[in-house]
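Right, one structure below, let's go through it.
Quick caveat, the model's predicted, so the values are computed rather than measured.
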Amino acid sequence: MGTAERRDAPEVGVAERPARMVGRTGPERGIPARTPGGVRAGRQQPLWVEEPAKRRRMADPVRTAAVRAVLVIAVTLIQAMVAFLCTLAGSWAAFPMVISSVASTVVATWAVVDVWVTRQVWNQRYGVVSEPSSTARQLRRERRAARRRERTARRDQERIARRAGAKRLSHP
């Protein structure tokens with residue numbers, strides 16, 4: 001039994017658990033019980049169980065921009081390391097590598113900003129973010145309070161009408 005199944009299952013005491021039977025699936029995690037010959041009986045257990053993702057998948061344009069940014073950043077880091085090593089070695093390639101590392105840093109910054117902008121644009125066009133603003137929350141609170149006051153006033157009127165009817169001496 002997995003964690004989610006254990007959470008939803010009713011509490012079972014040790015005395016109430018079913019005993020293991022030869023050739024049957026064991027009570028824990030669906031693992032088949034061992035047969036007398038030592039070979040597992042029953043079906044094979046899958047290697048993994050797919051669980052739903054906790055977060056939604058990124059949109060395709062955003063994912064593309066993110067992959068591009070990661071690649072550019074990786075190249076920039078490699079260039080910076082090569083420039084550092086060339087400088088330590090006193091190589092003639094140190095100066096061009098430092099210049100290309102600076103340019104690559106600008107491009108990497110641009111790539112990261114591109115991911116952010118692409119995500120914002122995609123959310124504006126296709127993704128409705130339903131987070132109520134504070135004004136919407138305030139309006140909802142006021143409407144709820146007004147409905148509560150109306151219900152209370154209606155109940156009070158009905159109570160007054162019932163009391164007035166009880167004091168009549170004769171019924172029409």
Side-chain angles (χ1 to χ4, degrees), residues 1-86 97-98 100-151:
M1 201 185 306
T3 306
E5 295 163 344
R6 230 178 282 126
R7 187 176 351 113
D8 296 335
E11 291 294 322
V12 177
V14 176
E16 298 171 10
R17 287 190 186 147
R20 292 189 184 216
M21 302 173 96
V22 175
R24 295 292 200 114
T25 302
E28 283 88 25
R29 297 191 180 96
I31 300 171
R34 294 196 180 270
T35 58
V39 181
R40 291 188 182 267
R43 297 181 298 141
Q44 286 289 345
Q45 189 69 13
L47 292 176
W48 65 85
V49 177
E50 293 205 21
E51 296 177 3
K54 290 185 172 49
R55 291 173 52 180
R56 282 187 13 235
R57 183 176 161 156
M58 274 193 285
D60 285 341
V62 179
R63 192 169 45 254
T64 304
V67 168
R68 188 171 43 240
V70 166
L71 291 175
V72 169
I73 290 170
V75 168
T76 302
L77 289 174
I78 291 171
Q79 277 184 326
M81 184 56 95
V82 169
F84 176 72
L85 293 175
C86 285
M97 287 304 295
V98 168
S100 71
S101 292
V102 170
S104 196
T105 303
V106 171
V107 173
T109 306
W110 182 264
V112 171
V113 169
D114 179 47
V115 172
W116 182 69
V117 168
T118 306
R119 182 172 169 267
Q120 295 298 325
V121 168
W122 195 91
N123 280 338
Q124 276 188 340
R125 285 186 185 161
Y126 307 107
V128 177
V129 180
S130 74
E131 294 177 1
S133 65
S134 59
T135 55
R137 229 179 270 130
Q138 182 63 33
L139 289 173
R140 200 176 310 126
R141 254 188 233 121
E142 290 171 5
R143 280 193 303 254
R144 245 184 272 140
R147 280 196 303 261
R148 211 174 291 130
R149 283 193 300 270
E150 286 176 18
R151 277 196 306 265

Exercise for review: Check step by step if side chain to side chain contact (heavy atoms under 4.5 Å, CB included) holds for Met81 and Ile78.
Suggested key: CA-CA 5 Å; Met81 184 56 95; Ile78 291 171; 5.8 Å; no
Revision key, fill the gap. Residues 47-58 vs side-chain hydrogen bond (donor to acceptor under 3.5 Å, both in side chains), sequence neighbours excluded, gives none
Check your understanding: Looking at residues at least two apart in the chain, or sitting in another chain, which of them share a side-chain hydrogen bond (donor to acceptor under 3.5 Å, both in side chains) with Thr76?
Key -> Ser104
Check your understanding: Going through the checks in order, is the side chain to side chain contact (heavy atoms under 4.5 Å, CB included) test met by Leu71 and Val75?
Key -> CA-CA 6 Å; Leu71 291 175; Val75 168; 5.7 Å; no
Check your understanding: With sequence neighbours excluded, what pairs up with Trp122 under the ring pair (Phe, Tyr, Trp, His ring centres under 6.0 Å) test?
Key -> Tyr126
**Study point:** Nearest-0.5 Å distance that lies between atom CG in Asn123 and atom OG1 in Thr118
**Key:** 11.0 Å
Review point. Gln124: what forms a side-chain hydrogen bond (donor to acceptor under 3.5 Å, both in side chains) with it, not counting sequence neighbours?
Key: none
Review point. Pairs in or reaching into residues 63-85: which pass salt bridge (charged side-chain N to carboxylate O under 4.0 Å, His left out), with residues at least two apart or in two chains?
Key: Asp60-Arg63, Arg68-Asp114
Exercise for review: Under the side-chain contact (heavy atoms from CB on, under 4.5 Å) rule, collect the residues that match up with Val107, sequence neighbours excluded.
Suggested key: Val72
Revision key, fill the gap. Between the CZ atom in Arg144 and the CZ atom in Arg149, the distance rounded to the nearest 0.5 Å is 13.0 Å
Revision key, fill the gap. Of all heavy-atom pairs linking Ser101 and Ala83, the shortest is OG-CB, 3.9 Å
**Study point:** Check: Val82 and Gln79 side chains under 4.5 Å, non-hydrogen atoms
**Key:** no
